[in-house]
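Written out below as structure tokens is the structure these notes cover.
Keep in mind that what you see is a predicted model, and the values were worked out from it rather than measured. Residue numbers begin at 1 in each chain, while the letters A, B, ... track the order of the sequences. For the numbers below, each heavy atom of this structure counts, side chains included, while hydrogens, waters and symmetry mates do not.
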Protein chains: 2
Amino acid sequence: MKIKGKHYETIWFKPDNPSVVQAIDQRYLPFDFVIEDFNTVEDIYYAIKEMHIRGAPLIGVAAAFGIYLALLQYDHKEPLDLYIYKKAKLLKSARPTAVNISYCVDKIIGFISPDDPISVNTIRVMQEVISLMNIERENCKKIGEYGVKLIEDIYSNKGLKTVQILTHCNAGWLACIDYGTATAPIYNAFDKGIPVHVWVDETRPRNQGARLTAWELHQHGVPYTLISDNTGGHLMQHGMVDMVLVGSDRTTASGDVANKIGTYLKALAAYDNNVPFYAALPSSSIDWLTADGIKEIPIEERDGKELLYGETYLNGELKQFAIAMEESPVCNYAFDVTPARLVTALITERGICKAEKNSIFDLYPEKKPN
Amino acid sequence: MKIKGKHYETIWFKPDNPSVVQAIDQRYLPFDFVIEDFNTVEDIYYAIKEMHIRGAPLIGVAAAFGIYLALLQYDHKEPLDLYIYKKAKLLKSARPTAVNISYCVDKIIGFISPDDPISVNTIRVMQEVISLMNIERENCKKIGEYGVKLIEDIYSNKGLKTVQILTHCNAGWLACIDYGTATAPIYNAFDKGIPVHVWVDETRPRNQGARLTAWELHQHGVPYTLISDNTGGHLMQHGMVDMVLVGSDRTTASGDVANKIGTYLKALAAYDNNVPFYAALPSSSIDWLTADGIKEIPIEERDGKELLYGETYLNGELKQFAIAMEESPVCNYAFDVTPARLVTALITERGICKAEKNSIFDLYPEKKPN
């Protein structure tokens with residue numbers, strides 16, 4: 001991903017000082033481009049919780065960086081395994097819905113051995129963080145390569161006219177290391193010269209569509225139009241959407257897709273209008289142990305202030321202003337679950353599969369329960 | 001409707017000076033309570049177009065007031081019928097989707113006779129405006145009386161627990177003369193002591209739910225919770241909504257319901273979760289001549305700035321703040337159409353009927369085409 005001609009990813013070791021982690025502070029987008037330094041696991045925890053960094057694949061990798069920073073902070077006052085257990089628990093508590101934090105943290109701490117010197121553990125974990133980043137980057141790239149075929153098919157079926165894609169929230173490269181999940185097929189198609197246009201849902205209340213997706217599509221030069229979250233149904237009724245393409249914070253092994261609140265409504269509209277609905281996700285977002293997404297996936301509730309205040313950027317600072325009665329009671333669920341029956345297919349790093357158990361396990365046979 | 005103990009309606013002749021019309025300037029709510037004076041039909045046109053006054057029943061009545069003001073302005077330089085035809089056309093052009101402007105304007109100008117002195121015409125029109133207001137007020141009251149039975153049934157079926165109602169946009173007394181359409185059954189139930197709670201959709205991009213519905217429910221003391229437009233589907237999946245109750249800007253004789261953009265998505269979610277979906281509307285909102293709502297009802301497109309800027313109130317003024325990239329292309333449809341198949345029933349001033357031709361004409365036999 002290039003920003004004003006310079007290549008960026010979302011998170012990295014600080015050049016010349018690898019004891020510091022740096023990431024794009026997404027709170028300031030699209031108004032300003034700010035890079036934040038992280039010195040401690042607590043810094044990472046706070047940045048995930050307060051959404052300086054967000055997006056299921058990215059917060060997983062960021063949490064892995066958190067374990068790395070925790071090792072650098074280790075003062076030998078308690079046993080290493082107990083210390084790491086506490087830090088892992090802290091990181092996992094930052095946000096409940098995406099499964100990626102647990103996945104990445106558990107994977108990383110599997111490389112820590114209390115019998116080895118702390119420096120050896122730290123280096124091994126650093127290598128594994130890099131490996132995890134490489135895998136996540138590569139997985140997004142593969143999602144793009146598989147997913148672009150769906151766009152190419154629509155393009156040829158509709159007589160080489162622009163392919164109209166609706167997306168919700170930000171499942172772009174800002175939510176990952178690079179490429180994005182839902183955006184990976186879009187960038188891939190655009191780079192190949194297939195004409196695409198993206199309907200970008202504003203995504204209330206935090207406006208990730210208006211603030212992040214619009215910004216990154218703009219940076220890449222992909223044509224897009226911003227719409228309110230209410231608009232997608234009308235567009236689909238009038239044949240103005242060829243496919244819905246979203247990411248996922250957690251997908252069950254049965255194909256239920258937890259994603260940003262409001263995704264379910266778009267899936268219903270897609271189903272009602274025979275528009276295909278795809279969720280793009282790396283396997284790090286699959287929850288292999290959960291069967292019923294609606295009943296079992298914990299849905300984060302966030303501060304009601306997200307609805308009562310708008311946010312802008314004035315004199316180098318983010319400013320909040322009241323947009324409703326400040327005393328209004330608010331209910332602010334951050335995610336919903338789209339049942340598998342509404343999902344046309346999942347786009348993964350191993351290919352495209354139906355949103356149902358057998359198809360998913362055909363791609364990931366090693367995950368199949370005995 | 002009482003505001004801080006004083007009874008108000010939404011529009012009225014100025015006391016002691018009936019050549020001026022006054023209305024609540026809804027742009028300032030919930031931050032301030034401002035009353036605007038209207039001296040000309042052009043004032044009324046502008047106020048409807050710029051949404052100082054909004055809501056299908058109210059803009060119909062306001063347009064009738066506009067014809068009254070036009071008669072007061074008449075300078076005999078052109079024939080009265082031509083003059084009134086032009087003013088009627090102007091008013092009808094203010095907003096395209098609601099049918100109420102045409103309905104009320106056509107009704108009112110039927111009482112103008114070029115053979116009578118202008119003063120006689122003016123007085124007759126004034127009387128008819130009052131009559132129209134009385135009818136609209138009474139119709140909303142009756143919608144409340146019929147609609148409350150649905151709430152009472154749910155209350156008794158769920159073992160006397162609080163009835164959970166979801167509404168979209170503002171179909172409250174602010175959208176009418178008094179009582180409201182969707183809110184009339186709610187106020188009626190609340191006043192009878194039936195415990196109700198309203199999920200109030202924020203209603204992007206103009207936030208009529210957050211700004212107007214929340215405010216008027218708060219004034220009346222009805223418990224409510226503000227939610228993003230994305231949230232209703234999740235609530236319905238989890239059994240947290242007993243009924244969806246909305247207004248309508250135009251309902252076809254076949255039962256298709258045009259209402260604020262996003263209504264269709266809530267109707268889909270209601271249908272998917274076996275939650276009843278009702279539209280409450282006076283017959284002045286029925287378009288007797290249109291059969292296919294999705295193909296035939298013109299959908300207003302509004303300025304994209306409504307999505308790019310948030311609005312707050314500072315030092316006695318409304319202020320806009322950038323909440324997205326100001327150069328983002330925007331598409332801003334104001335309404336969508338919910339097909340009749342998703343509508344459980346219509347609540348009208350003559351009773352409750354199915355959203356289909358025969359049931360509607362059974363209530364309004366005089367409208368039946370020969």
Quick one about A:Tyr333 and B:Ser228 (side-chain donor to acceptor, distance below 3.5 Å, no hydrogens or angles considered), yes or no?
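On atom types as modelled, these side chains do not qualify, holding no pair under 3.5 Å.
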For A:Thr312 and B:Tyr309, which I'm curious about, is there any donor-acceptor pair between the side chains at under 3.5 Å?
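No, because no side-chain N or O of A:Thr312 sits under 3.5 Å from a partner of the opposite role on B:Tyr309.
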Sort [X] into side chain, backbone, both or neither according to what part of it lies under 4.5 angstrom from a heavy atom of chain A.
| X | result |
| --- | --- |
| B:Met240 | side chain |
| B:Tyr264 | side chain |
| B:Ile299 | side chain |
| B:Arg206 | neither |
| B:Asn207 | side chain |

Of the non-hydrogen atoms in [X] and [Y], which two are nearest, and what is the gap between them?
| X | Y | answer |
| --- | --- | --- |
| B:Pro30 | A:Ala324 | CG-C, 4.2 Å |
| A:His234 | B:Phe335 | ND1-O, 4.0 Å |
| B:Ala322 | A:Phe31 | O-CZ, 3.7 Å |
| A:Leu226 | B:Leu307 | CG-CD2, 4.2 Å |

Above 12 or not: heavy atoms from other molecules or residues under 6.0 Å from OH of A:Tyr271?
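Counting other residues, nucleotides and ligands, OH of A:Tyr271 stays at 12 neighbours or fewer.
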Separation between [atom1] of [X] and [atom2] of [Y], rounded to the nearest 0.5 Å:
| X | Y | atom1 | atom2 | result |
| --- | --- | --- | --- | --- |
| B:Ile294 | A:Asn273 | CD1 | CG | 8.0 Å |
| A:Leu265 | B:Thr231 | CG | OG1 | 8.5 Å |
| A:Ile261 | B:Asp229 | CD1 | CG | 11.0 Å |

Flag the one option from B:Arg341, B:Lys266, B:Lys295 with the top tally of heavy-atom pairs under 4.5 Å to chain A.
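Between B:Arg341, B:Lys266, B:Lys295, the count favours B:Arg341.
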Look at B:Glu311, B:His238, B:Arg211 and state which one has the largest set of heavy-atom pairs under 4.5 Å with chain A.
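Ranked by heavy-atom pairs under 4.5 Å with chain A, first place is B:Glu311.
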Would you say the side-chain atoms of A:Asn230 pair up with the backbone N or O of B:Thr203, donor to acceptor, closer than 3.5 Å?
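Between the backbone of B:Thr203 and the side chain of A:Asn230 there is no qualifying donor-acceptor contact (under 3.5 Å).
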So what's closer than 4.5 Å to chain B heavy atoms on [X]: side chain, backbone, both or neither?
| X | answer |
| --- | --- |
| A:Leu29 | neither |
| A:Glu202 | side chain |
| A:Leu235 | side chain |
| A:Arg204 | both |

Taking the side chain as C-beta and beyond, is there a heavy-atom pair between A:Pro339 and B:Gln237 under 4.5 Å?
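The answer is yes; the side chains approach within 4.5 Å.
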Would you say the side chain of B:Ile323 lies within less than 4.5 Å of the side chain of A:Phe321, judging by non-hydrogen atoms?
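Contact flag for A:Phe321/B:Ile323 side chains = yes.
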Pick from [options]: which one has the most heavy-atom pairs with chain B under 4.5 Å?
| options | result |
| --- | --- |
| A:Val330, A:Ile227, A:Leu217, A:Asn332 | A:Val330 |
| A:Val200, A:Leu308, A:Asp272 | A:Asp272 |
| A:Thr225, A:Asp336, A:Val337 | A:Thr225 |
| A:Gly233, A:Gly310, A:Ala334 | A:Gly233 |

